Amino acid sequence: MVDDLFSPRLSPSEPDYLVGLNAEQRLAVETTEGPLLILAGAGTGKTRVLTTRFAHILLQQRAWPEQILAVTFTNKAAKEMRERISVILDKPVEGLWLGTFHSLCARMLRQHAPRVGLERSFTILDADDQLRLLKQVMEPWKLDLKRWPPAQLMHQIQLWKDKALLPEEITAAHDTDLANGQARAIYAAYQARLKELNACDFGDLMLHMVTIFRQHPDVLAQYHHRFRYILVDEYQDTNAIQYLWLRLLAKHPDGDPANIACVGDDDQSIYSWRGAEIANILRFENDFPGARIIRLEQNYRSTPRILSAASHIIAHNEDRLGKTLRPGLESDEGELVDVISTPDSDDEARIVGMRIQTLHQEGQAYGDMAILMRAGFQTRPFEEALMRMGIPYQIIGGLRFYERAEIRDAIAYMRAVLYPLDDLAFERIVNLPKRGFGNVALSRLRLTAREAGRSLQQTLQQQIEHKLIKGKSAATLAELLAALEKARKIVAKEGHVVATETILEESGYLTMWRDDPKTVEAAGRLDNIGELLRAIGEFPTMEAFLEHIALVMESDTLQEERDKVSLMTLHAAKGLEFPTVFLPGWEEGIFPSQRSLDEGGNRALEEERRLAYVGLTRARERAIILHAASRRIYANWQDSIPSRFIEELPDKHIKRHSPARHNPRPGSFFARQAQANMSRSPSSSRYRPEALSNRPTIPLGATVQHSRYGEGVVIGVEGERLSVNFEDVGLKRIMAGFVKVVS
DNA sequence: CACAAATGGTTTTTT
DNA sequence: ACCATTTGTG
């Protein structure tokens with residue numbers, strides 16, 4: 001510890017990192033001692049304050065990096081924070097405890113795993129494994145799985161874990177009638193089985209650490225001694241167990257609490273359905289007496305008009321701490337917020353596309369524009385419209401790299417190599433490719449293995465040796481076990497990358513995809529596996545890689561930094577900003593979502609409203625709200641009325657438009673049908689216009705031109721769906737309407 | 001045991 | 001309309 005830690009710090013001139021902060025921001029940075037709650041509205045420089053505060057504490061030598069605990073919600077936020085601190089300090093920072101709640105807990109739990117009956121090498125299960133394990137655990141209860149879906153019970157267990165409830169702590173008040181009243185017992189069995197497998201699920205990372213803190217004061221004391229400063233980002237999103245964990249770390253039984261600073265915005269709390277509790281913000285003062293509260297209300301992001309629109313909407317919420325965003329930019333009022341009524345959802349998509357084109361011609365980069373919607377399925381019509389117009393776009397969120405089947409298969413193979421006791425991994429791969437070992441055989445094997453208290457791999461080996469499994473499948477299974485064994489030797493000798501290649505090759509997994517009749521998809525899958533191998537190579541060991549992907553599910557590998565319009569959900573947009581933001585689908589039932597309202601009533605409505613607030617405050621210069629009178633949902637057309645949020649906008653700053661229907665005769669049922677057919681298989685309706693039916697199908701081998709992908713050769717035709725091998729970008733699946741025949 | 005037909009359910013999502 | 005999963009058939 002430094003001797004002069006608390007001696008007065010002389011600063012002849014003000015350090016440059018403090019220059020340019022406003023009074024509130026500066027106060028938030030310099031109030032380093034004692035509990036602090038920073039209520040930071042959208043665009044008020046929250047991240048800047050947090051990182052500057054961090055740097056300030058370090059530069060004033062109030063603490064070493066390893067004495068600071070900084071918690072974020074996403075890995076992305078953690079990464080950004082680390083980078084920005086390095087910039088201020090002008091050197092990389094090492095030794096920080098900076099990460100997500102879960103990654104920090106994982107780090108701690110590796111140290112103390114034996115205290116909860118785990119080995120330090122425990123594996124972390126993902127959602128898929130969790131559910132499969134739960135289904136197995138539920139078997140003895142012989143429940144009707146239709147009536148009591150395992151997924152629902154899984155959700156309930158997660159909620160319990162989010163509340164830090166162990167199975168034995170579930171009282172009647174917490175219990176449910178799920179699983180025919182057996183939920184508590186199944187939860188207990190599930191936890192027991194996890195321990196047998198030396199595994200834990202995501203919720204356990206936090207639950208185990210809280211359990212350890214509660215039952216082993218010596219461990220907690222260690223961390224009390226270590227952490228002098230605690231910083232928490234996105235505090236409004238913390239759930240009960242995260243709050244408990246923070247409180248355990250921050251409050252010292254003897255003496256002063258750690259210096260805890262939490263940053264949050266109650267108006268941006270949009271994850272209550274995931275267990276987040278706004279109440280955590282409200283009770284901060286009770287738990288940390290003498291806490292100071294600083295409000296950041298100066299917005300440096302959006303034009304006054306956009307701010308006014310956002311403020312008017314959020315003002316309709318009752319459950320608020322109260323905060324007013326003030327324009328902090330020295331600019332004029334800015335453009336009016338557009339509200340555009342369209343006849344139907346296809347027009348909506350096309351109008352957005354046209355606006356994007358116009359803005360682009362005026363000089364705005366595609367990357368400066370975003371379309372933000374309530375739900376993921378709403379991206380479809382926009383994708384079609386943008387593709388047709390040749391506008392580059394990217395979907396943020398969506399299918400993540402590590403969730404793809406082939407990636408998870410490949411990882412399961414590696415787990416089976418590395419951890420012969422990992423039954424869940426082995427179950428996934430034992431019959432993939434088909435080895436004549438289906439569900440029936442697997443259940444039988446599982447039973448034998450459990451009775452003998454051995455792993456599936458061991459048991460299978462024995463059964464083959466004792467000729468309990470015969471014929472062709474015995475031979476293929478023996479090959480699999482041999483391949484696993486071989487890969488194990490290779491890990492030691494030639495490293496984990498070669499070992500992965502070997503196991504995927506020799507198990508026949510890669511061949512399975514090479515022989516797959518769906519050429520296009522299979523090729524994509526093989527590409528993804530190549531991508532995976534590259535990613536694995538960036539880690540020193542396979543274990544390090546597995547830990548990484550367990551905690552960081554997003555794909556850094558696939559992120560392109562190209563100039564593209566971003567499509568994403570409002571949830572995914574939190575924390576981002578764009579000069580131009582399109583907000584389509586502002587209709588009753590869609591946004592606010594009927595589903596939410598049915599489930600959560602007024603509380604849910606307020607959360608939907610916060611979502612609208614988040615959406616609007618993403619915009620820097622221009623916000624365009626749209627709603628359609630009629631929307632295609634699944635197969636049908638549904639009429640809809642404008643969202644109540646539109647009425648909550650301030651007239652003064654709004655401009656309303658209702659462009660005429662672009663395509664056929666306005667309004668008629670037949671026109672709608674014709675429109676519907678434009679983007680679907682032409683054979684799906686008898687209302688198909690002649691022009692479409694007469695369009696010649698594109699022949700195999702034709703050369704075609706695509707606005708974005710360039711030239712390519714058609715190598716497959718399935719009705720309207722073409723498989724085209726493009727010169728530049730390779731194999732793609734394209735609708736015939738998107739290409740022009742060249743020769 | 002594998003494959004094909006039928007069924008049901010479809011917000012938001014990180015870690 | 002579309003998907004993933006379950007149920008029925010060879």
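Convention: sequence-line order gives letters A, B, ...; per-chain numbering from 1. In this text the structure is predicted, and so the values were computed from the model without any measurement.
Candidate nucleotides dT15(B), dT6(C), dT12(B) were compared by shortest atom distance to the side chain of Lys135(A), and dT6(C) ranks first. Of the candidates dA2(B), dT13(B), dT14(B), the closest approach to any side-chain atom of Thr74(A) belongs to dT14(B). Each of dT15(B), dC3(B), dT11(B) was ranked by its minimum atom distance to the side chain of His102(A); first place goes to dT15(B). Among the nucleotides dT15(B), dC2(C), dT12(B), the one closest to the side chain of Ala375(A) is dT12(B).
Under 4.0 angstrom from either OP1 or OP2 of dT15(B) there lies at least one side-chain N or O belonging to Asn75(A). When the side-chain nitrogen and oxygen atoms of Asn431(A) are compared with OP1 and OP2 of dA2(B), one or more of them lie within a distance under 4.0 Å. For the pair Lys434(A) and dC3(B), the criterion of a side-chain N or O lying under 4.0 Å from OP1 or OP2 is met.
Remark on DNA chain B: of its neighbouring residues Phe101(A) and Gly376(A), the 5'-side contact belongs to Gly376(A), judged by nearest-heavy-atom nucleotide. Both Ala572(A) and Leu442(A) sit near DNA chain B, but only Leu442(A) has its closest nucleotide nearer the 5' end.
Note: CG (Leu98(A)) to P (dT15(B)) measures 14 Å, nearest angstrom. For the pair Asp233(A) CG and dT14(B) P, the interatomic distance rounds to 16 Å; values are reported in whole Å. At whole-Å resolution of the value, NZ in Lys79(A) and C1' in dT15(B) are 17 Å apart. Between the CH2 atom of Trp273(A) and the P atom of dT12(B) there is a distance of 8 Å, rounded to whole Å. The distance from atom CZ of Phe437(A) to atom C1' of dA2(B) is 15 Å, rounded to the nearest whole Å. His571(A) places its NE2 atom 8 Å from the C1' atom of dT13(B), with the value rounded to the nearest Å. One interatomic measurement links the two molecules: CD of Gln152(A) to P of dG9(B), which rounds to 10 Å at whole-angstrom precision. In this structure, Glu234(A) atom CD and dT13(B) atom P are separated by 15 Å, rounded to whole Å.
Arg632(A) and Asp346(A) are joined by a salt bridge, as a carboxylate oxygen and a charged side-chain nitrogen come within less than 4.0 angstrom of each other. Ionic pairing of Glu587(A) and Arg374(A) is not present here: no N-O contact between side-chain nitrogen and carboxylate oxygen is shorter than 4.0 angstrom. A salt bridge links Asp129(A) to Arg415(A): one of the charged nitrogens lies within less than 4.0 Å of a carboxylate oxygen.
Asp598(A) CG: more than 12 foreign heavy atoms inside a 6.0 Å radius. Heavy atoms from other residues, nucleotides or ligands lying under 6.0 Å from CZ of Arg110(A) number more than 12.
Ser473(A) comes within 4.0 angstrom of nothing in the nucleic acid, heavy atoms only. Residue-level contact check: Asp204(A) touches neither bases nor backbone, having no heavy atom under 4.0 Å from any strand. Residue-level contact check: Ala441(A) touches the backbone only, with heavy atoms under 4.0 Å from sugar-phosphate atoms and none from bases. Residue contacts shown for Gly203(A) are absent, as no nucleic acid heavy atom lies under 4.0 Å away. Thr569(A) comes within 4.0 angstrom of the backbone, heavy atoms only, and of no base.
His571(A) and Tyr271(A) have their aromatic ring centers within a separation under 6.0 angstrom. Aromatic ring centres of His112(A) and Tyr223(A): separated by under 6.0 Å.
Side-chain to base pairing of Thr100(A) with dT15(B): no donor and acceptor N or O lie closer than 3.5 Å to each other. No hydrogens or angles were tested; on distance alone, a donor-acceptor pair under 3.5 Å links the side chain of Arg374(A) to the base of dT12(B).
The side chain to side chain contact (heavy atoms under 4.5 Å, CB included) search around Asp409(A) returns Arg428(A), Leu432(A), Tyr509(A), not counting sequence neighbours. Qualifying side chain to side chain contact (heavy atoms under 4.5 Å, CB included) partners for Thr476(A), counting only residues two or more places apart in sequence or in other chains: Arg435(A), Ser473(A).
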Under-3.5 Å N/O pairs linking protein and nucleotides 4-6 of chain B:
none

